[in-house]
**Student:** 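This is the structure I want to talk about, given as structure tokens.
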Amino acid sequence: MKICIFGAGAVGGHMAIRLARGGGDVSVVMRGENLAAVRERGLELRAKGAEPFRVSLPATDKPETLGPQDVVVISVKYRALAAALKAIDPLIGPDTQIVSAMNGMPWWFAEGLPIAEDEALSALLDPGGAFGRTVPSERWTACVVTSGNMVSEPGVITNTTPDKNRLRLGTSSGSFHPLIAEFVAIAKTGGYDAEIVDDIRHQIWSKLLINAGISSVATVCEKTVAEICQNPRTRALSIGVIEEIMALGRAIGLPVDADPEAMTAPETAPPHVTSFLQDLRAGRPLEIENGILALVEMAKSSGVDTPRLEAVAAVMAARSQASVLD
Ligand SMILES: NC(=O)C1=CN([C@@H]2O[C@H](COP(=O)(O)OP(=O)(O)OC[C@H]3O[C@@H](n4cnc5c(N)ncnc54)[C@H](OP(=O)(O)O)[C@@H]3O)[C@@H](O)[C@H]2O)C=CC1
Ligand SMILES: CC(C)(CO)C(=O)C(=O)O
């Protein structure tokens with residue numbers, strides 16, 4: 001199976017290595033010093049307690065040199081998505097499936113939910129309607145990635161949660177293309193706990209509890225996830241935000257069975273530098289539009305009170321380089 005990872009940074013680089021190990025014919029689109037390192041030495045995965053693992057694979061910043069693929073994985077940050085959707089054009093054949101390994105809500109997330117028509121929410125999830133126009137949703141499989149990673153040096157991915165390398169894949173309609181089943185089999189052989197699910201919105205919502213409830217608090221405090229969960233005050237804030245998002249979920253038909261105490265248990269929290277904080281440290285804008293800001297908007301239009309979430313979102317937005325509050 002021909003798989004191209006578009007944006008082989010922390011998550012995409014990790015996926016490229018495991019999918020290649022699982023038997024996929026994998027290529028990567030990347031750029032800059034990361035690309036130079038991968039061309040020279042291959043892509044390496046490091047994780048505590050495991051031998052480093054390195055693969056050599058075709059790496060380019062010119063997708064048109066790779067030709068049509070069976071599956072294209074998009075693993076860029078939200079603000080790079082519009083450009084990525086244009087750039088993947090030469091990788092798309094008649095049956096190509098797109099798998100999004102991105103955090104947050106895809107543009108179709110609110111469709112069918114009992115939420116009032118909300119322009120501000122649409123502008124956050126699908127600015128100008130561009131995503132919905134470019135990709136038919138039946139070709140788009142959302143992949144919820146529960147796995148902490150960072151590019152620790154060019155061409156090297158450090159996996160900070162080796163016991164939580166989980167992928168959950170699903171579509172807006174609940175049905176899926178046979179290529180996705182093949183993709184999941186390769187991911188499993190490569191070492192992921194991977195599954196197709198029929199309730200992808202619930203999975204996305206559960207992941208938002210982590211990103212908006214824990215990662216954002218860790219980011220505004222510039223701490224690891226473990227540090228936030230080990231400090232009773234910041235842990236209480238995280239639990240409060242998670243509970244508010246769970247209440248919002250119940251109000252809009254997305255109840256999830258989560259235990260905020262267990263999610264923030266100090267003894268199991270990983271020493272992960274969240275991908276938000278990786279961006280903050282690198283002076284990049286924070287990926288807040290289709291996650292934390294969209295949640296605030298949903299809460300407003302549904303009449304659900306989320307004061308802690310709003311406060312954390314305001315600080316995240318203020319800390320993001322290109323402020324979305326302007
Ligand atoms: N890191 C983590 O632990 C987790 C992240 N996620 C999600 O995964 C997604 C990806 O995040 P993450 O891997 O951390 O991000 P990274 O920034 O590490 O990786 C994205 C990569 O895509 C590259 N890229 C973007 N646009 C292009 C382009 N047009 N051409 C070539 N390369 C491009 C970037 O290059 P450049 O740096 O030059 O822009 C970067 O190397 C996000 O939605 C994130 O929220 C989900 C779970 C965990
Ligand atoms: C915290 C984590 C690893 C959760 O899987 C994440 O999604 C991120 O860092 O963006």
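Counting starts at 1 for both ligands and their atoms, following the listed order.
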**Student:** Which residue and atom name correspond to the protein heavy atom nearest atom 6 (N) of ligand 1, and how close is it?
**Tutor:** Asn103 ND2, 3.3 Å
**Student:** Under 4.0 Å, heavy-atom basis, I'd like to know which part of Ala10 is in contact with ligand 1: side chain, backbone, both or neither.
**Tutor:** both
**Student:** Only heavy atoms of Gly148, strictly under 4.0 Å: list the atoms of ligand 1 that pass.
**Tutor:** 3 (O)
**Student:** Do me a favour and list the nearest non-hydrogen protein atom to atom 22 (O) of ligand 1 with residue, atom name and distance?
**Tutor:** Gly7 CA, 3.2 Å
**Student:** Linking I/L/V/M/F/W/Y whenever their side-chain heavy atoms sit closer than 4.5 Å, directly or via other members, would Val72 and Leu19 fall into one cluster?
**Tutor:** no
**Student:** Return the closest protein heavy atom for atom 19 (O) of ligand 1 as residue, atom name and distance.
**Tutor:** Gly9 CA, 3.2 Å
**Student:** Looking only at protein heavy atoms, which one is nearest to atom 20 (C) of ligand 1, and how far off is it?
**Tutor:** Ser75 O, 3.4 Å
**Student:** Phe6 and Val38: same hydrophobic cluster, using ILVMFWY side-chain contacts below 4.5 Å?
**Tutor:** no
**Student:** Should Ser147 be listed as contacting ligand 1, given a heavy-atom distance under 4.0 Å as the test?
**Tutor:** yes
**Student:** Assess Gly32 for proximity to ligand 1: is some non-hydrogen atom of it under 4.0 Å away?
**Tutor:** no
**Student:** Heavy atoms only: which of Arg79, Lys77, Glu287 lies closest to atom 17 (O) of ligand 1?
**Tutor:** Lys77
**Student:** At a 4.0 Å threshold, what atoms of ligand 1 neighbour a non-hydrogen atom of Lys207?
**Tutor:** 46 (C), 47 (C)
**Student:** Is it the side chain (CB and beyond), the backbone, both or neither of His14 that lies under 4.0 Å from ligand 1, heavy atoms counted?
**Tutor:** neither
**Student:** For Ala87, which part has a heavy atom under 4.0 Å from ligand 1: side chain, backbone, both, or neither?
**Tutor:** neither
**Student:** For Tyr78, which part has a heavy atom under 4.0 Å from ligand 1: side chain, backbone, both, or neither?
**Tutor:** neither
**Student:** Can you name the side-chain hydrogen bond (donor to acceptor under 3.5 Å, both in side chains) partners of Lys2, sequence neighbours left out?
**Tutor:** none
**Student:** In terms of residue, atom name and distance, what is the protein heavy atom nearest to atom 1 (N) of ligand 1?
**Tutor:** Asn149 O, 3.0 Å
**Student:** Have a look at Thr160, Val11, Thr60 and point out the one with the heavy atom closest to atom 13 (O) of ligand 1.
**Tutor:** Val11
**Student:** Between Arg39 (side chain) and Ala59 (backbone), is there a donor-acceptor pair under 3.5 Å?
**Tutor:** yes
**Student:** When rounded to the nearest 0.5 angstrom, what distance separates CD1 in Ile115 from NZ in Lys300?
**Tutor:** 14.0 Å
**Student:** For atom 31 (C) of ligand 1, which candidate among Lys86, Arg284, Arg31 provides the closest heavy atom?
**Tutor:** Arg31
**Student:** For Gln230, check side-chain hydrogen bond (donor to acceptor under 3.5 Å, both in side chains) against everything at least two apart and list the hits.
**Tutor:** none
**Student:** Under the 3.5 angstrom rule, does the side chain of Gln278 hit a backbone N or O of Val273 as a donor-acceptor pair?
**Tutor:** yes
**Student:** Taking all non-hydrogen atoms of both residues, which atom of Ile5 and which atom of Ala16 are closest, and how far apart?
**Tutor:** CG1-CB, 3.8 Å
**Student:** Please check this pair: side chain of Asn149 against backbone of Ser147, looking for a donor-acceptor N/O pair closer than 3.5 Å.
**Tutor:** yes
**Student:** Out of curiosity, is Met150 lining ligand 1, as in a heavy atom under 4.0 Å away?
**Tutor:** no
**Student:** Do Tyr192 and Ile210 sit in the same hydrophobic cluster, where Ile, Leu, Val, Met, Phe, Trp and Tyr count as joined when their side-chain heavy atoms come under 4.5 Å apart?
**Tutor:** no
**Student:** Salt-bridge test for Arg319 and Glu222: reply yes if a basic N is under 4.0 Å from a carboxylate O, no otherwise.
**Tutor:** yes
**Student:** Mark up the atoms of ligand 1 that fall under 4.0 Å of a heavy atom belonging to Phe6, in ascending order.
**Tutor:** 27 (C), 28 (C), 29 (N), 30 (N)
**Student:** Identify whether Leu81 and Val28 are in the same connected component of the hydrophobic contact network (ILVMFWY, side-chain heavy atoms under 4.5 Å).
**Tutor:** no
**Student:** Show me which atoms of ligand 1 lie under 4.0 Å from any heavy atom of His272.
**Tutor:** 3 (O)
**Student:** Taking the six-membered ring of Phe53, is the NZ or CZ of Arg21 close enough (under 6.0 Å from the centre) and on axis enough (within 45°)?
**Tutor:** yes
**Student:** Do the non-hydrogen side-chain atoms of Ile74 and Trp140 ever get within less than 4.5 Å of each other?
**Tutor:** yes
**Student:** Checking a contact table here: which protein heavy atom is nearest atom 9 (C) of ligand 1, and how many Å away?
**Tutor:** Val76 O, 3.7 Å
**Student:** With a 4.0 Å cut-off on heavy atoms, does Ala101 reach ligand 1?
**Tutor:** yes
**Student:** Please enumerate all residues that pass side-chain hydrogen bond (donor to acceptor under 3.5 Å, both in side chains) together with Thr274, with sequence neighbours excluded.
**Tutor:** Thr219
**Student:** At the 4.0 Å heavy-atom cut-off, does Asp61 count as touching ligand 1?
**Tutor:** no
**Student:** Does this structure show an ion pair linking Arg46 with Glu44, if we count only N-O contacts that are shorter than 4.0 Å?
**Tutor:** yes
**Student:** Donor-acceptor pair, Asp126 side chain versus Gly132 backbone, under 3.5 Å?
**Tutor:** yes
**Student:** Pairwise, report which nitrogen or oxygen atoms of ligand 2 are under 3.5 angstrom from protein nitrogen or oxygen atoms, and how far apart they are.
**Tutor:**
| residue | atom | partner | partner atom | Å |
| --- | --- | --- | --- | --- |
| ligand 2 | 5 (O) | Lys207 | NZ | 3.4 |
| ligand 2 | 7 (O) | Asn103 | ND2 | 3.2 |
| ligand 2 | 7 (O) | Lys207 | NZ | 2.7 |
| ligand 2 | 7 (O) | Asn211 | ND2 | 3.1 |
| ligand 2 | 9 (O) | His272 | NE2 | 2.8 |
| ligand 2 | 9 (O) | Ser275 | N | 2.9 |
| ligand 2 | 10 (O) | Asn103 | ND2 | 3.2 |
| ligand 2 | 10 (O) | Ser275 | OG | 2.6 |

